[in-house]
Number of protein chains: 2
Amino acid sequence: MRSKSQNFDEIDNKLLALLQQDADLSQRDLADRVGLSQNACWRRMSRLTEAGILKGRRAVVDGAALGLDLTVFIMIRTRHHDDSWARRFRARIEAQPEIIEFHRIGGEWDYMAKAVTQGMAGYDALYKRLIIGMDLERVTGVFSMEPIFEGRPLVAPG
Amino acid sequence: MRSKSQNFDEIDNKLLALLQQDADLSQRDLADRVGLSQNACWRRMSRLTEAGILKGRRAVVDGAALGLDLTVFIMIRTRHHDDSWARRFRARIEAQPEIIEFHRIGGEWDYMAKAVTQGMAGYDALYKRLIIGMDLERVTGVFSMEPIFEGRPLVAPG
DNA sequence: GTTGAAACACCCTCAAT
DNA sequence: ATTGAGGGTGTTTCAAC
């Protein structure tokens with residue numbers, strides 16, 4: 001049984017799911033919702049934190065309220081496959097605050113970046129900053145017409 | 001000046017960035033880092049919360065510690081474009097806990113899902129659960145070979 | 001904007017069961 | 001595993017500048 005080897009059970013999973021949805025829940029609320037005493041619940045959180053599973057909390061901000069209303073996935077294919085170019089490219093990517101996620105990927109593209117911009121004008125500005133002098137083979141923006149959901153909690157398979 | 005029309009300044013931006021990176025910072029630490037008194041800093045957080053910009057906090061969990069070590073973006077093209085099919089499809093997607101993000105997208109694909117699975121076997125299982133009976137035209141997994149960064153803070157453009 | 005202080009809630013620990 | 005209780009810490013509010 002895998003849950004045994006990982007040393008956690010359904011209650012831990014529920015705890016993790018709850019905290020990923022709302023880390024402002026008080027110990028009392030948490031304890032109530034998982035059906036444990038406040039004390040036992042706190043011990044579990046401690047264990048999960050020490051095990052490195054709970055890594056901290058982050059504030060959630062409303063992008064739209066900041067004018068960041070367009071989500072776009074940028075697919076990139078490069079002509080260069082040496083280390084020094086890759087480092088330069090990563091630095092370029094990191095310098096773009098609109099890019100909130102970045103992966104090296106398999107398949108017909110080399111990289112994928114997720115960006116959130118102020119409309120299409122914001123994307124265009126980002127695009128120009130991104131490509132200049134990088135000699136990319138191909139770049140295409142895949143636009144989110146409707147972000148149906150984001151940020152769902154990670155849950156350990158049963 | 002746009003920052004004036006949005007009624008917030010550099011300090012608010014710094015506050016939001018800090019909280020998005022670590023919401024466990026105490027009011028004292030926060031205040032120190034933005035160069036404000038604890039009191040003034042707290043008032044700003046209040047304003048940002050009431051304005052709906054700060055929407056809460058979420059716990060961050062280490063996926064790898066749960067065995068969730070493979071990130072994959074699933075591109076989907078469908079043959080159906082009516083409402084009732086779309087609703088059925090969304091319900092199917094929502095029933096898959098590995099899928100943590102889901103967009104309707106423009107371009108040559110209709111939907112994109114981001115999933116985190118226990119290796120390739122986990123992806124294969126998800127894939128089968130996903131497609132059965134949905135009559136999709138085309139589905140392809142774009143695998144993250146290396147998630148270079150994720151979860152960067154949203155920042156309002158200057 | 002600032003400091004300082006008080007009221008309060010919550011967290012964490014401990015003791016006992 | 002549970003309850004209950006204490007001390008300590010941080011948050012929130014308020015008064016005065």
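Every value quoted in this text rests on a predicted model; they were computed, and no experiment measured them. These values consider heavy atoms only, across backbone and side chains, with no hydrogens, waters or symmetry-generated copies. Just so we're on the same page: letters track the sequence lines, and every chain starts at 1.
- Residues B/Leu16 and B/Pro153 fail the side-chain proximity criterion, which asks for heavy atoms closer than 4.5 Å.
- Side-chain atoms of A/Arg152 come within 3.5 Å of backbone atoms of B/Ile99 as a donor-acceptor pair (strictly under, hydrogens ignored).
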Output a table of nitrogen or oxygen pairs between the protein and nucleotides 14-17 of chain C separated by less than 3.5 Å.
residue: C/dC14; atom: N4; partner: A/Asn39; partner atom: ND2; Å: 2.4

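- Computed from coordinates, the A/Gln38 CD to C/dC11 P distance equals 7 Å when rounded to whole Å.
- Within the 4.0 angstrom heavy-atom criterion, base atoms lie near B/Ser37.
- Remark: side-chain polar atoms of A/Arg77 are not paired, donor with acceptor, to backbone N or O of A/Arg138 under 3.5 angstrom.
- Below 30°, between 30° and 60°, or above 60°: for B/Tyr123 and B/Phe143 the angle between ring planes is above 60°, a perpendicular geometry.
- Here A/Glu137 contributes atom CD and A/Thr78 contributes atom OG1; the two are 8.0 Å apart, rounded to the nearest 0.5 Å.
- Here C/dC8 presents its P atom at 17 Å from CZ of A/Arg28, a figure rounded to the nearest Å.
- Separation of the P atoms belonging to C/dC12 and D/dT12 is 16 Å when rounded to the nearest angstrom.
- Between A/Gln27 and C/dC12 there is a side-chain polar atom (N or O) within less than 4.0 angstrom of OP1 or OP2.
- If you measure from atom CG of A/Leu25 to atom P of C/dC11, you get 10 Å, rounded to the nearest angstrom.
- By the neighbour-count criterion of 12 heavy atoms within 6.0 Å, atom CZ of A/Arg88 is densely surrounded, having more than that number from other residues, nucleotides or ligands.
- Close approach of DNA chain D to chain A, defined as any atom under 4.0 Å from a non-hydrogen atom of the protein, starts and stops at D/dT2 to D/dG4.
- In this structure, B/His103 and A/Phe73 have perpendicular ring planes: the angle between them is above 60°, well past the 30° mark.
- At a threshold of 4.0 Å, the pair B/Arg47-B/Asp12 counts as salt-bridged, since one of the basic side-chain nitrogens sits closer than that to a carboxylate oxygen.
- For the pair A/Asp24 CG and C/dC10 P, the computed distance is 12 Å after rounding to whole Å.
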